[in-house]
Amino acid sequence: MANGMDTIILAIIIGTLAAIVYSLRVLVLMERRIAKIDLNLERIVMRIAAEEKKIESEEMKIERLIKKRK
């Protein structure tokens, strides 16, 4: 009778460990996806910042031309 109970306890322990390992795997995969999303957002922000710099430099050129004409 103790042998059957030992088997059940061992199965519960192994099942719990398997669930922990699986959840850690899922967490690692989610972290990788979030890292990719973060990298893509950073690229987008850098592109927007570069466009903003271009726009600002063009505005400065226009302002200088207007001041020269006055």
Could you go through residues 56-64 and list every donor-acceptor pair under 3.5 Å that involves a side-chain atom there, pairing it with any protein atom two or more places apart or in another chain?
residue : atom : partner : partner atom : Å
S57     : OG   : K53     : O            : 3.4
S57     : OG   : K54     : O            : 2.8

Review point. What distance do I48 atom CD1 and I55 atom CD1 have between them, rounded to the nearest 0.5 Å?
Key: 10.5 Å

Check your understanding: Which pairs with one or both residues in residues 29-47 pass salt bridge (Lys or Arg N to Asp or Glu O under 4.0 Å), sequence neighbours excluded?
Key -> none

Identify every side-chain donor-acceptor pair in residues 19-29 under 3.5 Å, counting partners at least two apart or on other chains, and give the distances.
residue : atom : partner : partner atom : Å
S23     : OG   : A19     : O            : 3.3
S23     : OG   : I20     : O            : 2.8

Study note, to complete from the structure: Between I12 and the options I14, L10, I8, the side chain to side chain contact (heavy atoms under 4.5 Å, CB included) test singles out I8

